[in-house]
Amino acid sequence: MVNRGKVTMSDVARLAGVSPMTVSNVINDRVRVSDQARERVLAAIRESGYQVNAAARNLRSGRSGVIGLAVPQVGNAYFGLLATHVIEAAQQHGYHVAIEQTGALATGEAAAIAQSRRLQFDGLILSAVEIESLVPPVPEQGYPIVLLGEQDRAGRFDHVTVANEAGTAAATEHLIDQGCERIAVVTGGDLDRLTMFTRRYNGYRTALEGRGIDPDPRLRFIVDALSWEGARSTGRRIAEADLGIDGLVVFSDTVAMGVMRGLRDRGVSVPDDMRVIGFDDIPESAVFIPSLSTVNPDHRWKAAKAVELVVARIADPAAPPREFTAPFTIVERESTA
């Protein structure tokens, strides 16, 4: 047992079964450490409560000890959860996190990159929506950037994404397995380019076709607006369509909860009349009435991987970019019972 009040690097090394130099290398990203050894060291740091002396490290390295996190909407529950996990993961590496909001606009994303450079953040984790439309484009080298989301088709940056297609396909199959025969989908309006909406809609279609069901274009509903009231009005519209819908796949939990309220406004009971499943597994989904079945894209894993990548990029700016997809699970709750 480690005395948490006096934890040293040697304590962490003994707990992880490695040398103190290996612990130092993981903390400071000086040399390549095997993934297995790195995981043992990070687990030992978490278990022991060891605190990295960030001030001393930054003085030696000439770094600020701060990484940026830029998200489309700070007030969105999904991005709030993401930020929480990024902050926790960054602390394990001895970094602080500064959060910025982009508004899901190319100008906002460009401003976040410029601001991170200007304030001398050591790197930036960017939840990108419009980065590929930036003119001029973001240079591939010169500043550590890790992308989250669907952008970067050219593979220019370190990239952590979600299993959007596979996750939505699994959600659709869950409804089929629950006996649903007329499954509708709620998407965003832009399916002409590669976005989260496109990938999740493709996953829905793939699942139907894989089960021998022809997708009915009448069963695709575009959310009226990315707001509570927009989602609620979409739910009313689905109820009023009278298309015999008994299952509904929604691209996010926040929208799904608004849609369920709109269904309720028109006398449609979930799950008795229509089963509903979302995507994201935000904390509110578990306490909503009825509680919402959803796709859990493993937020903690995604945040930890993004921080790991940006820290590695800070240490070695010339390394080849890497891409990872977060694992997912289906969380079954009352809305599909």
Side-chain angles (χ1 to χ4, degrees), residues 1-69 81-99 116-117 119-126 141-148 157-160 298-327:
M1 177 65 69
V2 175
N3 183 342
R4 289 179 178 268
K6 300 178 181 179
V7 181
T8 67
M9 192 176 293
S10 295
D11 294 326
V12 174
R14 281 194 296 272
L15 193 58
V18 300
S19 69
M21 180 59 69
T22 298
V23 176
S24 178
N25 287 336
V26 170
I27 292 172
N28 295 290
D29 288 292
R30 281 196 293 260
V31 298
R32 177 71 176 169
V33 178
S34 72
D35 291 340
Q36 294 86 349
R38 180 180 296 276
E39 287 301 323
R40 292 205 305 272
V41 170
L42 293 177
I45 289 173
R46 289 192 293 270
E47 181 180 343
S48 66
Y50 176 72
Q51 297 294 314
V52 177
N53 188 337
R57 184 193 64 182
N58 297 338
L59 184 62
R60 291 192 301 269
S61 66
R63 298 172 183 158
S64 68
V66 178
I67 57 177
L69 171 65
L81 181 60
L82 174 67
T84 297
H85 290 313
V86 167
I87 291 169
E88 291 174 353
Q91 287 174 341
Q92 301 301 324
H93 292 270
Y95 279 92
H96 295 282
V97 178
I99 300 174
S116 297
R117 286 175 173 270
L119 295 177
Q120 297 183 324
F121 296 164
D122 294 331
L124 175 67
I125 298 172
L126 173 61
Q141 300 290 339
Y143 186 66
I145 296 176
V146 173
L147 296 185
L148 304 177
F157 302 97
D158 293 308
H159 188 197
V160 182
D298 204 335
H299 304 283
R300 190 180 300 276
W301 186 97
K302 183 171 71 169
K305 182 60 66 174
V307 171
E308 176 189 321
L309 286 172
V310 77
V311 170
R313 177 64 51 187
I314 291 166
D316 186 3
R322 296 184 287 167
E323 181 172 20
F324 295 89
T325 300

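Residue R40 holds its CZ atom at 6.5 Å from OG of S34, rounded to the nearest 0.5 Å. The distance from atom NE2 of H93 to atom CD1 of I45, rounded to the nearest 0.5 Å, is 8.0 Å. Between the CD1 atom of I125 and the NZ atom of K302 there is a distance of 11.0 Å, given to the nearest 0.5 Å. Taking NZ from K305 and OG1 from T325, the interatomic distance works out to 11.5 Å, rounded to the nearest 0.5 Å. For the atom pair CD of E308 and CG of D158, the computed distance is 10.0 Å after rounding to the nearest 0.5 Å. Atom-to-atom distance recorded for L126:CG and L148:CG is 7.5 Å, nearest 0.5 angstrom.
The shortest side-chain heavy-atom distance between H159 and F324 does not fall under the 4.5 Å cut-off. Here the side chains of L124 and V146 are not in contact, with every heavy-atom distance at 4.5 Å or above. Taking the side chain as every heavy atom from C-beta outward, P317 and Y143 never approach each other to under 4.5 Å. Side-chain contact between S48 and D11 is absent, with no heavy atoms from C-beta onward closer than 4.5 Å. Put simply, the side chain of V12 does not reach to within 4.5 Å of the side chain of V18, judged on heavy atoms.
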Problem set entry | Evaluation steps, side chain to side chain contact (heavy atoms under 4.5 Å, CB included), between F121 and L69 | CA-CA 10 Å; F121 296 164; L69 171 65; over 6 Å; no
Exercise. Could you walk me through whether V311 and Y95 pass the side chain to side chain contact (heavy atoms under 4.5 Å, CB included) check?
Worked result: CA-CA 9 Å; V311 170; Y95 279 92; 3.8 Å; yes
Problem set entry | Check against side chain to side chain contact (heavy atoms under 4.5 Å, CB included), R300 and E88 | CA-CA 9 Å; R300 190 180 300 276; E88 291 174 353; 3.0 Å; yes
Exercise. Are I314 and I67 close enough, and set up right, to give a side chain to side chain contact (heavy atoms under 4.5 Å, CB included), and what steps lead you there?
Worked result: CA-CA 10 Å; I314 291 166; I67 57 177; 4.0 Å; yes
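At distances below 3.5 Å, not a single donor-acceptor pair connects side-chain atoms of D298 with backbone N or O atoms of A326. Formation of a donor-acceptor pair under 3.5 Å by the R322 side chain with backbone atoms of F157 is not found in this model.
Residues A16 and A44 come closest through the heavy atom pair CB-CB, 3.9 Å. Closest approach of R313 to A319, counting heavy atoms only: NH1-O, 2.6 Å. Taking every heavy atom of both residues into account, S10 and P20 meet most closely at OG-CG, 4.2 Å. The heavy-atom pair separating V86 from V307 by the smallest distance is O-CG2, 3.8 Å.
A salt bridge does not link D35 to R38: none of the charged side-chain nitrogens sits closer than 4.0 Å to a carboxylate oxygen.
Ring planes of H299 and H85: parallel class, angle under 30° (limits at 30 and 60°).
With hydrogens and angles left out, the side-chain atoms of T22 and N25 include no donor and acceptor closer than 3.5 Å.
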